[in-house]
Protein chains: 2
Amino acid sequence: MKFDKDEQGYYEFIELLFFAYRDFVSEPDDALLAYGFGRAHHRTLYFVSRNPGLRVSELLDILKVTKQSLNRVLKQLIEEKFIYQEQGEGDRRRRHLYLTIKGESLVDKLCDIQFNRISKSMMDFSPEAYHNICSGLFSLIDKDDKAEVLLRLTRARKRQEDE
Amino acid sequence: MKFDKDEQGYYEFIELLFFAYRDFVSEPDDALLAYGFGRAHHRTLYFVSRNPGLRVSELLDILKVTKQSLNRVLKQLIEEKFIYQEQGEGDRRRRHLYLTIKGESLVDKLCDIQFNRISKSMMDFSPEAYHNICSGLFSLIDKDDKAEVLLRLTRARKRQEDE
DNA sequence: AAATAAATGTCAACATAGTTGACGTATATT
DNA sequence: AATATACGTCAACTATGTTGACATTTATTT
């Protein structure tokens with residue numbers, strides 16, 4: 001397949017993104033069934049894992065859902081001790097979110113599943129090609145959100161390096 | 001940003017795909033509100049547009065949902081005359097799906113929105129880099145579905161060329 | 001010809017995850 | 001002291017998914 005950058009190619013792009021996403025999330029979905037959780041729980045767990053101390057309002061901004069919608073899954077995750085909250089030190093209205101050991105362990109399991117898919121899929125791509133793929137995904141993000149996404153990615157990488 | 005092919009890079013990959021998909025579908029979602037339709041209608045319209053004469057069972061296979069779930073939106077789209085059905089000539093149990101003029105016009109509108117995003121996002125990528133991005137998405141698809149996705153893409157391109 | 005299978009449609013009940021709107025509480029800021 | 005912010009919560013509703021049961025039409029098999 002050629003994947004040309006013409007109008008037909010744009011149709012192909014739409015479809016490839018649909019199928020890639022469909023299959024990328026389906027395996028974690030299945031794994032979460034055993035916990036009585038769904039995709040919404042996955043997202044919350046994932047972003048808290050990657051951004052320890054994340055505030056509720058920041059999570060809302062990432063997920064682009066209403067606080068009522070988030071609260072339903074967050075409440076469950078806190079009650080079942082996958083996530084805990086800490087009151088802000090400076091501003092005590094803020095609730096900072098962290099994973100418990102139990103939470104970390106679930107996220108690890110889910111990430112492993114997706115890491116496997118990524119590593120298998122990206123096996124035959126050079127580092128440069130891989131970089132292109134990531135940059136391509138990044139470019140699709142809304143203009144106004146790019147800076148923040150990048151900031152979080154950088155912070156997360158730094159956190160990792162500091163360990 | 002470097003986007004390395006290491007474990008941290010895999011986390012980044014997960015996030016980039018999430019944000020890219022989130023924003024990629026959000027504009028069509030908004031446009032569909034005016035029609036009282038949602039994302040499920042979008043998908044059905046899109047795949048019928050790209051595969052004229054598609055059968056219901058094939059659509060089920062693409063969307064990976066149950067026939068009851070599909071039927072709800074398909075029924076609406078047929079009643080409101082965005083899609084029509086034709087009985088199979090060889091096998092008259094089959095229902096082949098096609099877009100009406102009204103349907104084509106809506107799909108065009110939705111595709112325009114996404115074409116704009118793609119073309120803006122991919123502007124700075126070389127044809128080779130663009131090819132990498134598409135190939136990368138393709139690689140993420142389930143092994144068992146790759147052949148069929150490719151077949152449909154090829155057919156659609158051929159249909160276009162024959163016009 | 002009769003039985004079986006396949007493709008589709010439909011009814012009902014339910015789950016998940018999203019929405020809006022209203023309101024409460026604690027804490028900061030003005 | 002008044003107002004704004006961050007968060008939580010109740011209720012009702014919508015969209016989209018699920019399972020299970022069953023009907024209809026048409027093909028295929030026996």
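Scope of the values below: all heavy atoms of this structure, side chains included, with no hydrogens, waters or symmetry mates. By convention in this document, chain letters (A, B, ...) are assigned in the order of the sequence lines, proteins followed by strands, and residues within each chain are numbered from 1.
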Problem set entry | Residue met sooner reading DNA chain C from 5', once A:Arg92 and A:Phe37 are mapped to nucleotides | A:Phe37
Exercise. How do A:Gly88 and B:Ile78 order along DNA chain C: which one's closest nucleotide is nearer the 5' end?
Worked result: B:Ile78
Calculate the interatomic distance between [X] atom [atom1] and [N] atom [atom2]; express it in whole Å.
{"X": "B:Arg94", "N": "C:dA7", "atom1": "CZ", "atom2": "C1'", "result": "8 Å"}
{"X": "B:Glu79", "N": "C:dG9", "atom1": "CD", "atom2": "C1'", "result": "12 Å"}
{"X": "A:Asp29", "N": "D:dG17", "atom1": "CG", "atom2": "P", "result": "12 Å"}
{"X": "B:Leu59", "N": "C:dG9", "atom1": "CG", "atom2": "P", "result": "11 Å"}
{"X": "A:Asn71", "N": "C:dT19", "atom1": "CG", "atom2": "P", "result": "13 Å"}
{"X": "B:Arg95", "N": "C:dA7", "atom1": "CZ", "atom2": "C1'", "result": "8 Å"}
{"X": "A:Leu33", "N": "D:dT19", "atom1": "CG", "atom2": "P", "result": "10 Å"}
{"X": "B:Leu97", "N": "C:dA7", "atom1": "CG", "atom2": "P", "result": "15 Å"}

What's [X] touching, base or sugar-phosphate or nothing? Going by heavy atoms closer than 4.0 Å.
{"X": "A:Arg72", "result": "base"}
{"X": "B:Ser57", "result": "sugar-phosphate"}
{"X": "B:His96", "result": "nothing"}
{"X": "B:Gln85", "result": "sugar-phosphate"}
{"X": "B:Lys67", "result": "base"}

Exercise. Within less than 4.0 Å of OP1 or OP2 of D:dT16, is there a side-chain N or O belonging to B:Ser69?
Worked result: no
Exercise. OP1 or OP2 of C:dT16 less than 4.0 angstrom from a side-chain nitrogen or oxygen of A:His41, does that happen here?
Worked result: no
Exercise. Are side-chain heavy atoms of A:Leu17 and A:Arg22 found at a separation under 4.5 Å?
Worked result: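 No, their side chains stay 4.5 Å or more apart.
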Between [Y] and [X], is the closest basic N to carboxylate O distance under 4.0 Å?
{"X": "A:Lys146", "Y": "B:Asp23", "result": "no"}
{"X": "B:Asp61", "Y": "B:Arg55", "result": "no"}
{"X": "B:Arg117", "Y": "A:Asp142", "result": "yes"}

Problem set entry | Aromatic centroids of A:Phe13 and B:Phe115 separated by under 6.0 Å |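 B:Phe115 vs A:Phe13: aromatic centres not under 6.0 Å.
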Problem set entry | Side chain of B:Gln68 (C-beta onward), nearest among C:dG9, C:dA17, D:dT19 |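 Nearest to the side-chain atoms of B:Gln68, counting from C-beta on, is D:dT19.
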Seminar exercise, completed: Checking C:dA17, D:dT9, C:dA7 against the side chain of B:Arg55 (C-beta onward), the nearest is C:dA7
Exercise. Ring pair (Phe, Tyr, Trp, His ring centres under 6.0 Å) with A:Tyr21: which of B:Phe24, B:Phe18, B:Tyr21?
Worked result: B:Tyr21
For this session: By nearest nucleotide on DNA chain D, pick out whichever of B:Gln87 and B:Val65 is the more 5' one.
Result: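 Its nearest nucleotide being more 5', the pick is B:Val65.
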For this session: Using side-chain contact (heavy atoms from CB on, under 4.5 Å) as the criterion, point out the one residue from B:Ile113, B:Val107, B:Asp108 that pairs with B:Cys111.
Result: B:Val107
Problem set entry | Passing candidate, side-chain contact (heavy atoms from CB on, under 4.5 Å) with B:Val73, options B:His42, B:Arg39, B:His41 | B:His41
Atom pairs under 3.5 Å: protein N/O with N/O of nucleotides 3-6 of chain C:
residue, atom, partner, partner atom, Å
C:dA6, O4', B:Arg93, NH1, 3.3
C:dA6, N3, B:Arg93, NH1, 3.2

